[in-house]
Student: 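I'd like to ask some things about the structure below.
Order of the sequence lines sets the chain letters (A, B, ...), proteins ahead of strands, with each chain counted from 1.
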Amino acid sequence: MDVEAQILLAGARTLVDEPVLASACSPAGRRVDWERVETQAAFHGVSPLLYSNLARSASSLVPPLVLQRMGERARANARHSLFLCSELVRLMRRFEACEIPAVPFKGPVLAAYAYRDVTARVFTDLDVFVPRKSMVDASRVILSQGYVSAYEGGDVAIERAVGSDGEVAYLQASHYAFYRPDGLSRIDLQWRMAERYFAFALDRKNDWQSRLSELSIGGCRIRTFSPTDTLLVLCVHGSKHHWEKLKWLCDVAELLREHGTTMDWDELARMAAEKRAERMVGLGLVLAHDLLDAAVPREALAASAAHLAVPALARELRKALFADPHRSPTKLEQAAYFLRLTDRWQERRHFAVRYVGQWIWWAIVPNSADQALVPLPGPLGFVYYLLRPLRLSLKYTALGLRWLRHKVLARA
Amino acid sequence: MFTANERFRTREDEVAAKVIDGEAIIINLANGTYYSMDKGGAFVWELLQQRRSVGEIADALAARYDVSSADARADVQRLMSDLLNERLIDPAGEERTGESAPPSFDQRLPYERPSLNIYRDMGDLLALDPPTPGLDSPWKDPEQTKA
């Protein structure tokens, strides 16, 4: 592992081993590319933590200009974090007034819950979980607070989800996104925690409500997931995204540092099995332990490694974590990876059917882009189902030809 | 006018704050107003978080910065008024909390009168130091993600 990665791993912690960090910053016989440390820290979302530790414990080992830039970034992050904190408090008060059981997680809540400092981690949006039946009401509250749907026509789609009996009838998406028109905040409203092609569903039995923890942010009593549920959610989220950001592993490590002694590991194992997330949880625990010395009990590590795919996946993801330049997986690589995350053949079948199904849905079902291109009256709406595949074929053929031309010209 | 023994507490039930590199970044979560103080102001905020008395804060300010005791006392009085008016601090009586001895310093820093900068429009504050490229990129414009 290169020296820059070692600096990140040594410094992206709330409890840092100062001699280890100092040693990483001044490796014998090797030169540190500090601009690369800066870039990697920013990409991985660990700049605030790293800066705080470098400024306190190793400032003489870091070029002054690098430290100054990192400090400016840390202050900018603090301003944004505190703003999002105030935004969350404002929204939670509205949810409470409307009796909507909204549960914020990650973002400022995780920062306060695991890092004890809302400015210690980088986040750019607010994640809120609601039971499926409350999704429409929660969306209406968010829209009433000046937010707009991130998807054109999204507010209409939300209302269409309510059936004639007033209950939520159909939800195509697994979450809805909203943003403030001034661009200062975004909200992800979730009720599944994972796309429909994953068998994982946090609300499968609705038993998470009995395990909520409480914390205070700015005088607002906020209920969030228990440490066990939070760990489950973090591991599912990180695994879905290939653990490509170090900050997601930091979240696991810091959560365990803060709440590991009260973690019910047997309960975690039971829930991971019940919610079909054993490999995802195992992967998160192994990586956080190996890279950040996360306090994972030996039995839990052994159980994680017992899932055949986990050690191999962990090796591959460790290698890819600090690859430079970072390369996002192709759609095919992603599909193959998702299959390896599943625990049983029934989940692989579920994934295959849903994953392929979503692409077929995407190719056939018209959206506002089709309607904007050729406005048709309501009775002729069925024509869009013919137009959309044609439009997409022309669009991606043109893109393909442009790419080919670029390649040919580059070789010439 | 506040007595030397008078103490205040930061309103942690409604205020979130962070001091980084001598700058105090404060937000009133009740009304969304932002504040910042640097140098002497941030130093005073840290001492307030330690529940130091008005007199102790003025003495520490005069010890840390190149300012007379009289000017330090006057500036601390004015700052306490501003912080009270903005509901960032509350009176905490005169009872000592048993904290450690006031800080001492080898060298005094150049002094600037501490001031409370108020930002009632979020955009004005965030424009001071916008997120730099390389940070987690914000959500994409929905128009970019639509097929």
Student: Looking at Arg221(A) and Glu96(A), is there a salt bridge between them, counting it only when a charged N and a carboxylate O are closer than 4.0 Å?
Tutor: no
Student: Of the backbone (N, CA, C, O) and the side chain (C-beta and beyond), which part of Thr119(A) lies under 4.5 Å from a heavy atom of chain B, both, or neither?
Tutor: side chain
Student: Heavy-atom distance under 4.5 Å to chain B: side chain of Asp117(A), backbone, both or neither?
Tutor: side chain
Student: Quick check on Arg93(A) against chain B: is it the side chain, the backbone, both or neither that has a heavy atom closer than 4.5 Å?
Tutor: side chain
Student: Only counting residues at least two apart or in another chain, list the ones meeting salt bridge (charged side-chain N to carboxylate O under 4.0 Å, His left out) with Arg94(A).
Tutor: none
Student: List in chain and number order the residues that pass salt bridge (charged side-chain N to carboxylate O under 4.0 Å, His left out) with Arg87(B), two or more places apart in sequence or in another chain; answer none if no residue qualifies.
Tutor: none
Student: I'd like to know if the side chain of Ser393(A) and the backbone of Pro389(A) have a donor-acceptor N/O pair within less than 3.5 Å.
Tutor: yes
